[in-house]
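Working notes, beginning with the structure itself.
Bear in mind the structure is a predicted one, so any value in this text is a computation, not a measurement. These numbers come from the heavy atoms of this one structure, side chains and all, not from hydrogens, waters or symmetry mates.
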Amino acid sequence: MHQSEAFSSCQTAACSDQQWASATLPVPIIQPIDMNDVVAVAPEFEDMDLQTVLEELSSRETRSRLIQGLQLTDAQRLSAQSSPEEGSDSSATPPSFESTEAIPPTHLLVAHDGLNGPSFAYPCHAVVLASHFAHLPPSPAPYPQPAGTIHRMDVVIPYPAAFDLIREYAYTHSSEALISRLLGLAAGVPRTSEAVFEELQDMEVEELSVRARMVQEVYADASALGLVDKQFWEQIQMASCFVSSALKHAVWRDQMEELGERFQPPSEPVPIIIPS
């Protein structure tokens with residue numbers, strides 16, 4: 001079965017373990033990307049449509065330079081606690097990019113849950129944010145970007161730690177990497193749908209419950225941010241289908257093993273007593 005076939009048979013996928021019962025995953029309704037927001041941070045894309053912008057960002061050279069910028073900055077990632085005061089326009093100087101073709105990130109997206117949970121800081125590029133996430137506020141950074149600054153953007157999402165996976169997808173658009181991280185599978189290994197399910201069948205209920213929760217968290221964050229990408233939502237639904245089916249199988253397997261232990265035949269013959 002091809003991935004498209006697996007997806008079509010799992011449109012109403014739901015995580016059915018005890019913790020995530022009845023948590024269906026419909027594709028959320030998201031408003032379109034406003035190209036004015038994209039052009040505001042990347043005037044070179046004026047008079048282009050969104051698809052053309054995404055194709056340019058996904059070109060091998062541009063994508064490599066963007067990701068290299070993240071990697072250089074991630075090496076010295078600032079924690080949310082050491083970032084500037086909330087509402088401040090700029091933050092600390094990023095690492096030197098003079099000897100590289102990497103494109104420096106423009107923003108430090110600080111994700112928190114709006115409650116008392118920990119915050120997580122993610123370097124990002126304004127053009128990637130504007131072209132992927134419809135529900136983010138317009139970039140507070142002026143254009144052109146002043147040299148040596150990264151602007152802070154505070155964002156409230158349900159599960160701040162899960163944004164790391166969403167950010168990776170926005171830069172790579174790799175369905176294989178997305179599915180692998182969601183389901184806890186080794187990356188870089190081509191798999192059929194049957195192979196994915198076979199690997200999940202070997203997991204215990206506890207691990208599959210963790211995977212179900214991860215799918216839910218990524219889904220919730222991407223919905224809140226308004227991620228506009230059909231392929232992403234198809235992969236999320238497919239992952240939900242896989243993990244839901246594997247959980248049902250694991251619960252059934254454990255129940256059968258428990259029944260088998262409970263009704264083990266005696267090790268010695270039981271004498272039959274016939275009343276006289």
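In this structure, CD1 on Ile30 lies 9.0 Å from CG on Leu225, to the nearest 0.5 angstrom. Interatomic distance, Ile157 CD1 to Leu109 CG, rounded to the nearest 0.5 Å: 7.0 Å. Atom CZ of Arg213 is separated from atom CG of Leu208 by 15.5 Å, given to the nearest 0.5 angstrom. Atom OH of Tyr171 sits about 4.5 Å away from atom CG of Leu70, to the nearest 0.5 Å. Atom CD in Glu204 sits 9.0 Å away from atom CG in Asp202 (nearest 0.5 Å).
In terms of heavy atoms, Ile33 sits closest to Ala130 at CG2-O, 3.4 Å. Shown here for Ile103 and His125, the closest heavy-atom pair between the two residues is O-NE2, 2.7 Å. Closest approach of Leu183 and Ala239 over heavy atoms only: CD2-O, 3.9 Å. Closest approach of Ile150 and His107 over heavy atoms only: CG2-C, 3.2 Å. Across all non-hydrogen atoms, the minimal contact from Leu185 to Met203 is CD2-CE, 4.2 Å. Listed here is the closest heavy atom pair of Thr62 and Glu56: OG1-OE2, 3.1 Å.
Looking only at side-chain heavy atoms (C-beta outward), Ser131 and Leu57 come within less than 4.5 Å of each other. The side-chain heavy atoms of Trp233 and Pro26, taken from C-beta on, include no pair separated by under 4.5 Å. Counting only heavy atoms from C-beta outward, the side chains of Met35 and Asp49 never approach each other to under 4.5 Å. Counting heavy atoms from C-beta outward, Arg191 and Ser180 have side chains that approach closer than 4.5 Å. The closest side-chain heavy-atom distance from Val210 to Glu206 is not below 4.5 Å. For the pair Leu108 and His151, the minimum side-chain heavy-atom distance is 4.5 Å or more.
When hydrophobic clusters are built by joining Ile, Leu, Val, Met, Phe, Trp and Tyr residues whose side-chain heavy atoms come closer than 4.5 Å, directly or via intermediates, Val156 is not grouped with Met153. Val251 and Phe197 are members of different hydrophobic clusters when ILVMFWY side chains are connected at heavy-atom separations under 4.5 Å. Hydrophobic clustering (ILVMFWY, side-chain heavy atoms < 4.5 Å, transitive): Leu165 and Leu129 are in one cluster. Hydrophobic clustering (side-chain heavy atoms under 4.5 Å, transitive across Ile, Leu, Val, Met, Phe, Trp, Tyr) groups Val228 together with Val53.
Of the possible polar contacts, one joining the Arg253 side chain to the Gln201 backbone as a donor-acceptor pair under 3.5 Å is found. Proximity of a side-chain donor or acceptor of Thr106 to a complementary backbone N or O of Ala126 within less than 3.5 Å is detected. Although no hydrogens or angles enter the test, the distance criterion places no donor-acceptor pair under 3.5 Å between the side chain of Arg65 and the main chain of Pro104. The backbone N or O of Leu25 sits less than 3.5 Å from a side-chain atom of Gln237, completing a donor-acceptor pair. Using modelled atom types, one side-chain atom of Arg167 and one backbone atom of Pro123 make a donor-acceptor pair closer than 3.5 Å. No side-chain donor-acceptor contact under 3.5 Å links Ser64 to the backbone of Glu61. With hydrogens and angles ignored, the 3.5 Å screen pairs no side-chain donor or acceptor of Gln68 with any backbone N or O of Glu101. Within the 3.5 Å criterion, the main-chain N or O of Tyr219 finds a donor-acceptor partner in the side chain of Ser223.
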Criterion side chain to side chain contact (heavy atoms under 4.5 Å, CB included) on Tyr169 and Val218, from CA distance to verdict
CA-CA 11 Å; Tyr169 180 84; Val218 170; over 6 Å; no

Given the rule in the side chain to side chain contact (heavy atoms under 4.5 Å, CB included) test, do Asp164 and Arg181 qualify, once you have shown the distances and angles that lead to the verdict?
CA-CA 11 Å; Asp164 183 58; Arg181 287 193 63 184; 3.1 Å; yes

Worked check of side chain to side chain contact (heavy atoms under 4.5 Å, CB included) between Leu227 and His132
CA-CA 6 Å; Leu227 177 55; His132 285 79; 4.0 Å; yes

Going through the distances and angles, do Ile236 and Ser240 end up as a side chain to side chain contact (heavy atoms under 4.5 Å, CB included)?
CA-CA 6 Å; Ile236 289 293; Ser240 176; 5.6 Å; no

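Ring geometry for Phe133 against Phe163 counts as tilted: the plane angle lies between 30° and 60°, on a 0 to 90° scale. The aromatic rings of Phe120 and Tyr122 lie parallel to each other, their planes meeting at an angle below 30°, with 60° marking the opposite boundary.
When each of Leu182, Leu247, Val243 is paired with Arg211, the side chain to side chain contact (heavy atoms under 4.5 Å, CB included) condition holds for Val243 and for no other.
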